[in-house]
Amino acid sequence: MTSSKPRGRSRRAGPQVSARVVLAVLGGTTGFVWLVLPGMTTRTQAPVAITSPAASSPAAAAPTEDGASTTDLVLPLVAVGAAGALAGYGYVRRLRRTRTRTTPGGAALSSRPEEPGVPDDRARAALVAADDRVRAARDELGFARELFGVQAMAPFAGALREAERELTAAFRMRQRYDDGVPQDPAARRQALAGIVGRCAEAERRLDAAAQGFGRLRGLERGMGAALGVAEARFRELTGRTAAAEAVLGELRERYAATASASVTGYVEQAKDRLVFATVRLNQARQADDAGHREEAARQLRTAEGAVAQAAVLVEAVERTAGELREAAGLIPAVLTGAEAALTPLRDTAGTGGEALAHILHADAVLSSVRQELTVGMPYDPVGVLRRLVRAIAAPDAARAGVLAAAARLTARSSTAAAADFVATHRGAVGADARTRLAEAHRLLTAGDSAGAEVLALEARSLAEQDVRLRGNPYTAAPVPPAAHTAGTAGAVLGGIVPAEDPENARPAGFAGRPGASEAPPAA
């Protein structure tokens with residue numbers, strides 16, 4: 001530790017040096033005037049006596065002969081010197097104040113080396129890691145609640161809600177950052193630091209509850225009951241998956257291909273997750289029978305994650321079927337509501353311009369929809385509602401009740417579809433898609449159906465792009481795929497197990513996964 005005395009002397013040295021500089025400038029100016037003053041003459045007729053013989057030389061007499069007084073030359077020099085001295089003194093005073101200033105604009109802060117900000121990649125990685133952990137903890141809590149009841153799980157549900165709030169705030173900050181808010185570079189660096197901090201706090205909330213949660217579940221002491229819950233849900237989902245396959249076939253026959261495009265392949269993926277869960281449940285029971293409690297707990301939690309994702313995939317098919325039925329029943333009323341909404345606009349469209357173009361476009365959409373409905377060809381009910389809502393192009397508050405209901409339905413459908421895709425492909429989905437999805441949820445809750453749908457569609461597009469660009473993260477596994485459990489590729493793509501060590505890694509959740517935040521996808 002350094003003494004404070006040298007620092008005190010260095011702070012006093014500034015004013016002392018400044019005073020010496022001022023005195024030197026003033027002294028030099030005074031000396032200059034003193035040297036030239038004897039050569040000055042007045043404008044009287046009595047000349048000053050000159051005793052030096054050289055004074056009578058023509059060169060010495062030249063100024064007098066030209067009528068230029070020495071005073072005329074010296075006085076400007078004196079003025080310039082004095083002005084220079086004052087300017088120097090002012091500069092020194094400003095420099096001294098600047099060096100000792102403590103406000104943000106002072107040189108004392110600007111001369112300090114600027115601390116590097118949080119890299120953008122780190123902020124993205126923090127969002128992905130925290131989101132993965134919150135999702136895994138939510139799944140884990142669901143299984144524990146079935147076994148121990150809602151009341152026993154209330155403290156841990158509260159910890160999860162707090163973590164979700166922190167994560168939601170982090171995603172909101174990220175959305176604003178992507179929108180260019182704030183604009184100041186320093187403030188943007190602070191925003192990135194805030195995102196990382198919020199994500200860390202979300203994980204800290206889960207860390208605080210992890211020990212109590214693990215103690216209550218008691219998987220290391222034996223897991224007969226917990227294993228029974230997981231196996232029961234597995235059997236239920238096996239039946240629902242077969243039913244979902246039949247439902248998906250009906251949707252393809254009844255509606256246009258675009259109606260079920262968002263859930264294409266979901267039944268196959270659900271089966272893949274269940275195959276993976278089957279193997280892990282068997283390994284969990286074998287390890288439990290052999291007394292390897294820790295290994296059994298790890299295998300059980302991995303199986304629970306696979307079962308939970310299979311449920312998301314099956315429920316997505318079931319929900320899509322319900323949305324299509326609801327949309328089909330709503331279309332006639334929406335057509336009527338659209339005509340009513342366009343009537344007052346027609347009165348103001350006679351002048352032409354954008355209003356007329358809007359009316360013509362809306363009329364064309366309404367005519368096209370009516371033709372689709374009358375020809376009897378398969379169509380996409382949710383897609384039709386989306387076209388009608390966009391054709392009217394009125395804000396939610398200005399729409400009639402049926403139009404607002406149609407806007408909510410399409411926004412809810414798009415948001416849910418994006419959420420399902422991210423949840424079941426999170427091993428490859430990066431921060432941008434997750435951020436747009438979080439913002440879509442926020443806008444949907446706030447009643448902004450139009451804004452929510454735009455962001456939900458963007459989230460789904462970005463997530464699909466991530467999967468296409470990255471492929472299955474399973475390729476990072478250090479051992480050949482043949483050596484892994486059946487269904488491991490899907491489990492890695494779903495983020496249930498990491499690609500680096502899918503066989504031995506601990507699943508994420510309340511307790512987290514060691515090193516999970518070190519290299520998550522950050523796009």
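These numbers come from a predicted model, not from an experiment.
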- [ ] Apply side chain to side chain donor-acceptor pair (under 3.5 Å) to the pair Q175 and D179, showing each step before the final yes or no.
- [x] CA-CA 6 Å; Q175 181 64 49; D179 291 339; 3.2 Å; yes
Is there a donor-acceptor pair closer than 3.5 Å between any side-chain N or O of [X] and the backbone N or O of [Y]?
X    : Y    : value
R273 : T424 : yes
S368 : A364 : no
S461 : L457 : no
S414 : A411 : no
R460 : S262 : yes
H441 : R436 : no
R434 : L127 : no
D420 : A316 : no
H361 : A357 : no
R442 : R172 : no

Task: By ring pair (Phe, Tyr, Trp, His ring centres under 6.0 Å) - contacts of Y266 (at least two apart) - done: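 So Y266 forms no ring pair (Phe, Tyr, Trp, His ring centres under 6.0 Å) with any residue.
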Task: Which residues share a ring pair (Phe, Tyr, Trp, His ring centres under 6.0 Å) with F171, sequence neighbours left out - done: none
Task: Test applied, ring pair (Phe, Tyr, Trp, His ring centres under 6.0 Å); reference residue, F213; option that passes from F510, F148, F143 - done: F510
Open item on the list: My understanding is that only one of I392, V334, L366 makes a side-chain contact (heavy atoms from CB on, under 4.5 Å) with E339; could you say which?
Closed with: L366
Open item on the list: I'd like to know if R412 and E326 make a salt bridge, using a cut-off of under 4.0 Å between side-chain N and carboxylate O.
Closed with: yes
Task: Ion pair check, R285 and D289, cut-off under 4.0 Å - done: no
- [ ] Answer whether the closest heavy-atom distance between the side chains of V497 and E503 falls below 4.5 Å.
- [x]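 Heavy-atom side-chain distance check fails, nothing below 4.5 Å.
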Task: Qualifying residue, where the test is side chain to side chain donor-acceptor pair (under 3.5 Å) with Q299 and the options are E294, R280, H292 - done: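 Exactly one candidate clears the test, R280.
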